[in-house]
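First the structure, in the form of structure tokens, and then the observations on it.
Quantities reported herein were computed from a predicted structural model and do not represent experimental measurements.
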Amino acid sequence: MAVKRKKKKYGKNSKQRKVLMVALHVTVLFFALIGVITTVVFIIKGVGLLFKKTVKEPGVTEDYISVNSYSRPGIALNQVNGIVVHYTANPGSSAKQNRDYFQNLQFTHTTKASSHYVIGLEGEILQIIPLEEISYASNSRNTDTIAIECCHPDTTGKFTDQTYESLVNLVAWLCKKYGLNSDSVMRHYDITGKSCPKYFVDNEDAWQKFLKDVQDRL
């Protein structure tokens, strides 16, 4: 009888050990899974930081012009199929001066013109019309494009390095926002044949480099 009781006690301990081993394995698997999840989250965050470093939302100052029939008609922009680059054709002028020119067209009535953005000589970006509205900038493509006017220091129309950098970053960000690529970026010239932006029309290589710089940001 004593031997039987001893075997019974041994069997009970064996079952307890098995339960403990199963619990230990479950615990190890649980913490391993936590480790995998943590690693994945870390990688995703790292990729996110890399993206932000490459295509970051530009620093934009909103300075909307008033709704009027000469420069901000208030018509809805229902879809965006392209980004159009312009130059101001007003050497040495600032982003604020060009913004005010568009604002004053409601009083001067000299023409109908505007853009969504104006980039200044130091790279500052003014948004003067909401992206949900059309601007009077790109003729037949007003209804499906975002327009960007760029300031320039002289009659060549060449942008400063700061203006150029802001333009590349802004265009890349807009392309990302609307699901576009550099193939959807155009000059005013490509729509109407007008020499605008002048430097990019006179220097095709510079325009192609600009498109590559935009695509590289994407």
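Just one residue in the list V185, N181, D183 forms a side-chain contact (heavy atoms from CB on, under 4.5 Å) with L211, and that residue is V185. When each of Y164, F200, F210 is checked for a ring-ring contact (aromatic ring centres under 6.0 Å, His included) with F159, only F200 meets the rule.
For the residue pair N142 and A137, the shortest heavy atom distance occurs at OD1-N, 3.0 Å. Counting all heavy atoms, side chain and backbone alike, A172 lies closest to R217 at CB-CB, 3.6 Å. Closest non-hydrogen pair, H116 versus P130, comes out as CD2-O, 3.5 Å. Considering every non-hydrogen atom in both A76 and I134, the closest pair reads O-CG2, 3.7 Å. Nearest heavy atom pair, residue L131 against residue K177, reads CD1-CE, 3.8 Å. The shortest heavy-atom contact between P197 and H86 is CB-C, 3.9 Å.
Put simply, the side chain of R72 never gets that close to the backbone of S115: no donor and acceptor are under 3.5 Å apart.
T61 and Q127 share no side-chain donor-acceptor pair at under 3.5 Å. Judged purely by distance below 3.5 Å, without hydrogens or angles, the side chains of T192 and N139 never pair a donor atom with an acceptor atom. Looking only at atom types and distance, the side chain of T163 has a donor-acceptor partner in the side chain of T160 under 3.5 Å away.
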Inset, instruction - Go through R187 and C196 one step at a time and tell me if the side-chain contact (heavy atoms from CB on, under 4.5 Å) criterion holds. - result: CA-CA 7 Å; R187 300 164 291 189; C196 174; over 6 Å; no

- Query: Is there a side-chain contact (heavy atoms from CB on, under 4.5 Å) between C151 and I119 once you walk through the steps?
  - Reply: CA-CA 6 Å; C151 296; I119 301 179; over 6 Å; no

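At least one side-chain heavy atom of T110 sits under 4.5 Å from a side-chain heavy atom of T108.
When hydrophobic clusters are built by joining Ile, Leu, Val, Met, Phe, Trp and Tyr residues whose side-chain heavy atoms come closer than 4.5 Å, directly or via intermediates, M186 is not grouped with V80.
One finds a salt bridge joining D213 and K209 here, because a Lys/Arg side-chain nitrogen approaches an Asp/Glu carboxylate oxygen to under 4.0 Å.
Within a 6.0 Å radius of OH in Y136, more than 12 heavy atoms belonging to other residues, nucleotides or ligands are found. Atom CD of E122 has 12 or fewer heavy atoms from other residues, nucleotides or ligands within 6.0 Å.
The side chain to side chain donor-acceptor pair (under 3.5 Å) contacts involving residues 147-157 comprise T88-H152, D154-T156, where partners must be two or more places apart or lie in separate chains.
Within the hydrophobic cluster formed by Ile, Leu, Val, Met, Phe, Trp and Tyr side chains joined at under 4.5 Å, directly or through other members, L105 is accompanied by I65, Y70, Y101, F102, V118, L126, I128, I129.
Applying the side-chain hydrogen bond (donor to acceptor under 3.5 Å, both in side chains) criterion to T145, with sequence neighbours excluded, gives no partner residue.
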